[in-house]
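Here is the naming used below: chain letters follow the sequence lines, and residue numbers restart at 1 for every chain.
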Amino acid sequence: MSGTFGKGHHLHLIDGSAFIFRAYHALPPLTRKSDGLPIGAVAGFCNMLHRYVEGNTGPDAPTHVAVIFDKGSHTFRNDMYDKYKANREAMPEDLRPQIPLTRTATEAFNIACKEKEGFEADDIIATLAVQARAAGGRCTIISSDKDLMQLVGGGVEMLDAMKNKSIDRDGVFEKFGVYPDRVVDVQALAGDSVDNVPGAPGIGIKTAALLINEYGDLDALLERAGEIKQPKRRQTLIDHADQIRLSRDLVKLDENTPLDFTLDDLEVRDPDADQLLGFLAEMEFRTLSKRVAEVLGKEAPTIAEAPVAADAPVAADVPFDAELYEHVSDTAALQAWIDRIYEFGYVAVDTETTGLDDMVAQLVGISLCVEPGKACYIPLIHKARGSDDLFGSDDLAEGQIPTEEALRLLTPMLEDPSILKIGQNMKYDSKIFAQLGINVAPIDDTMLLSYAMHAGLHGHGMDTLSERYLSHTPIPIKPLLGTGKSAITFDKVPLADAVKYAAEDADITLRLWQLFKPQLHRVGVTKVYETLERPLVPVLAAMERSGVKVDRDTLSRMSNAFAQKMAGLEDEIYELAGRKFNVGSPKQLGEILFDEMGLEGGKKGKTGAYATGADVLEDLATEHDLPARVLDWRQLSKLKSTYTDALQDHINPDTGRVHTSYSIAGASTGRLASTDPNLQNIPIRSEEGRRIREAFVAEPGKALVALDYSQIELRILAHIANIPELKQAFQDGIDIHALTASEMFGVPLDEMTSDVRRQAKAINFGVIYGISGFGLARNLRIPRAEAQGFIDRYFERFPGIRTYMNDTKAFAKEHGFVQTLFGRKIHTPEISAKGPRAGFAQRAAINAPIQGTAADVIRRAMIRMPHAIKDLPATMLLQVHDELLFEVEKGAEDDLIAAARQVMENAADPVVKLDVKLDVDAGVGASWAEAH
DNA sequence: GACATCACG
DNA sequence: GACGTACGTGATGTCC
């Protein structure tokens, strides 16, 4: 399309400074290999331009486009107000030389590049947008700068390229509470701390919008300021009227910037392949050159591989050699290591201990590494071999620094805020040090780096990572410790072996860190790692060390009661079966039920054994008493073995409390997992099981407080899939399952029966899991066709759900991962598999953003919690996915609930603005049963 | 160590 | 049209 710009034309205006700023902060400080020129921002800028150009296909593609830049630091606004943008930070040194290169880049892409001395880019954009509107064409401003929102409307809209979200008049209203024509008035009142626009003191956007909407516009408001009821607000407006008018002039964009070009000069042009590829080659952008060349159908330019600096060894260059590891046996050698650590500013640390339970294990030795291949082990309490070679004596081996002495030297370094301590699963090591009163900080964790980048692809244990990323199989621990009863602890491992094994772990950790850390940016998960993973480590360490008090007598009494009941049931079962057998053996039970007794419905699984799961037995229970008895027996057996018995063994003899361990990198979705023991699956659904929670108690003088998010996953679904009815119901506090039932079946809310509600509830949950007719039918025990009918009606009523499911599957197929609202990536490698695996992967992909976002939310709450409750006599003890359990001194319960609820309900802010509020329910009691 | 089962969100 | 089918976990007991 050509001719004079007008109807049918579509102008894109890109806010160049915003692109540069974003590119600069999104990428690590890259430099051009050949000469060290800082190039990160240019690289990011080019990537964004390329992506932009590639994304511009289809009927909505622009006919005209320009990138608009700021020029010069002095504009007419500085003449109006000398403090305008006065508290802007200076441009970073390494960004300055890149600015002109972004102009060159724009021209290399053959996109119009415009700027004007004395004017901000915003003014040029305003002028062009107004011209485009006047000519009857459309204009899209690619920026998220709120100052540009005053231009929206009448064919002008904005596009946030990062979020790929367009902002129209309603979007502006959402942001400012007024439509675009009054945005300037609101900004004039609210001011802007970034640009140093003064505004009216004490008035923010909300109040400003309120006032403008009440009085019509700013002039009317200032004229009638005397009518304002609130005395403080009235006085502010009267006193600062001039300042407010000045602010309006500052934020009002100049729509009449004199320009020496017209819209027609901005017509979209094809890039000149040679020019573009030439520029990219000059910048030495290998990957982008290749990508662009592919699109243009050209050969990628060859870019000479610059020699890697000799003094920067990378992991791949240094072979693993355990013989080179150093045994640090005296303080002089240790001091030399500490000195080296201070030279580098970081160190990989690993502790060796007497066991895997970090609440009990004792420190045996410490290994350190600052450069690949150069690591040491500092043994502390290794035992000397006894005369009979059987470690009969308690004597320490030679060549060890006394623990106290070594820690005296190491502690300042471990606690030094300027020295980064790198570990693999640092929560373990920091807990070991915490036992000794040493507070290790700051930390980096290779396990969590991997988790942030590779969740869903593979595990994140050191052996896995070493083999995958370093092509090196670590020395196995088993031959050193042995197995079973004859296994020894690490302090009995001979020093020569211990040095090799232990130092290698630090070596591997350092190499992984060197490899992973720069990749974080590239994978785009720096924020995830920095805000959701790393800060959680000390929080969890503290919770685990606190533990929760569990009353042994309560458990013991329950255990005896269960045993008695089970014995009674066993007698009945043998009677009904006609013989004795092992009730706990599904295999034997299946044979009894289906072969000997000849009951119908025996189905064999893959392994050829009959299925005897609860669902099968429940069906059989209508026909026969035996399956019902077995179900009862199984419930008791589960409660006894897993809870009343095993839990007692987990009571720490020193603290009298149970200390679980949370794995941060276990669940692919971002959820935590609790192990040894698992305190996230303590019974609650059955009345009998629920009583186990009576054993979880507060110390005398204290109470337990439980706070849990109400329906968090459904709220997140309502937001992500954008379902207006569900969002409204949550805002209004309406029973969401009843609402769903009402919408689907046309039953008014006040006539809802519990059965219809129950069905709707199953559907709501099913949706979160990637529903299927079969699955819903089985869950509700209704015919499959009927279940499918429900699902069809649900999708019809809430079409956004189907769109979400389809979009998510498509996204996973295209990218190989899905994302939470906070940017956590969950990889879905099997999404394109054949057969049933694809189905699994698709449902997991649908579920992951929902479950994962909820997990992110509570992580954020937990990370903020210590600060929020620091002045209260309270401790955070447990997390159960959507619940936090606290122990608090009596009298402070309400204060704690208020503080913790505040943090939990606002945990998504300010990164994610949820369309639904988050509600938190709270309970207090002497036991977990009472508090829930 | 695999499998079945069942506890939780 | 057949196939297999609700998401994410951990602990326990049986059986080979």
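- Residue L672(A) is classed as having no contact, given no heavy-atom separation below 4.0 Å to the nucleic acid.
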- prompt: Nucleotide by nucleotide, 5' to 3', does protein get under 4.0 Å of the base (B), only the sugar-phosphate (S), or neither (-) in nucleotides 10-16 of chain C, counting heavy atoms?
  reply: BBSSSSS
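- The C1' atoms of dC6(B) and dA2(C) are separated by 32 Å, rounded to the nearest whole Å.
- Using a 4.0 Å heavy-atom cutoff across all strands shown, A611(A) reaches sugar-phosphate atoms only and no base atom.
- The residue A762(A) sits close to a base: some heavy atom pair falls under 4.0 Å.
- Looking at R691(A), Q635(A), K638(A) one by one, the single match for side chain to side chain donor-acceptor pair (under 3.5 Å) with S686(A) turns out to be Q635(A).
- Q842(A) has its CD atom 11 Å from the C1' atom of dT5(C), to the nearest Å.
- Residue contacts for I682(A): at a heavy-atom cut-off of 4.0 Å it reaches the sugar-phosphate backbone alone, with no base atom in range.
- Within 4.0 Å of I768(A), counting heavy atoms only, lies no atom of the nucleic acid at all.
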task: Map every base of DNA chain C to its dot-bracket character, where paired means a Watson-Crick or G-U wobble contact with both distances under 3.5 Å and | marks a partner outside the strand.
output: ......|||||||||.
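- Between D856(A) and R859(A) no salt bridge is recorded (no basic side-chain N to carboxylate O distance below 4.0 Å).
- Here dT9(C) presents its P atom at 17 Å from CD1 of I858(A), a figure rounded to the nearest Å.
- Here G766(A) lies in heavy-atom contact (under 4.0 Å) with a base.
- Residues R793(A) and E743(A) are not paired through a salt bridge, judged by the lack of any N-O separation under 4.0 Å between the basic side chain and the carboxylate.
- A salt bridge links E887(A) with R657(A): at least one charged nitrogen is closer than 4.0 Å to a carboxylate oxygen.
- The pair K580(A)-E570(A) does not meet the salt-bridge criterion, since no charged nitrogen lies less than 4.0 angstrom from a carboxylate oxygen.
- Residues D919(A) and K917(A) are paired through a salt bridge, judged by an N-O separation under 4.0 Å between the basic side chain and the carboxylate.
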Report, one line per pair, each donor and acceptor closer than 3.5 Å where one atom sits in a side chain of residues 830-841 of chain A; sequence neighbours left out.
residue	atom	partner	partner atom	Å
E830(A)	OE2	R837(A)	NE	3.1
E830(A)	OE2	R837(A)	NH2	2.7

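- Under a 4.0 Å N-O distance rule, the pair D358(A)/R545(A) does not qualify as a salt bridge.
- Atom NE2 of H881(A) is separated from atom P of dA7(B) by 16 Å (rounded to the nearest Å).
- dT5(C) and dT5(B) are spaced 14 Å apart, taking the P atom of each and rounding to whole Å.
- Nucleic acid contact class of R634(A) (heavy atoms, under 4.0 Å, all strands): sugar-phosphate only.
- One N or O donor and one acceptor, one from the side chain of R784(A) and one from the base of dT5(C), sit under 3.5 Å apart.
- Ion pairing between R579(A) and E596(A) holds under the 4.0 Å rule for side-chain N and carboxylate O.
- Within the structure, every side-chain polar atom (N or O) of R671(A) is placed at least 4.0 Å from both OP1 and OP2 of dG8(C).
- Rounded to a whole Å, the CG atom of D882(A) is 13 Å from the C1' atom of dG8(C).
- Atom P of nucleotide dG8(C) and atom NE2 of H827(A) are separated by 16 Å, given to the nearest angstrom.
- If you take CZ of R691(A) and P of dA7(B), they are 17 Å apart, rounded to a whole angstrom.
- Taking the centre and axis of the six-membered ring of F562(A), the NZ or CZ atom of K640(A) falls outside the cone set by 45° and 6.0 Å.
- Look at NZ on K809(A): it is 12 Å from C1' on dT5(C), rounded to the nearest Å.
- Closest to the side chain of T669(A), from the set dA7(B), dG8(C), dG9(B), is dG8(C).
- Within the structure, a side-chain polar atom (N or O) of R685(A) is placed less than 4.0 Å from OP1 or OP2 of dG9(B).
- The phosphate of dA2(B) (OP1 or OP2) has no side-chain N or O of T607(A) nearer than 4.0 angstrom.
- Heavy atoms of A848(A) sit nowhere under 4.0 angstrom from any nucleic acid atom.
- Across all strands shown, E713(A) has no heavy atoms under 4.0 Å from either base or sugar-phosphate atoms.
- Rounded to a whole Å, the NZ atom of K761(A) is 12 Å from the C1' atom of dG9(B).
- Mapped onto DNA chain C by nearest heavy atom, P836(A) and A667(A) fall at different nucleotides, with P836(A) at the one closer to the 5' end.
- Look at E786(A) and R781(A) and you find no salt bridge, because none of the NZ, NE, NH1 or NH2 atoms lies under 4.0 Å from a carboxylate O.
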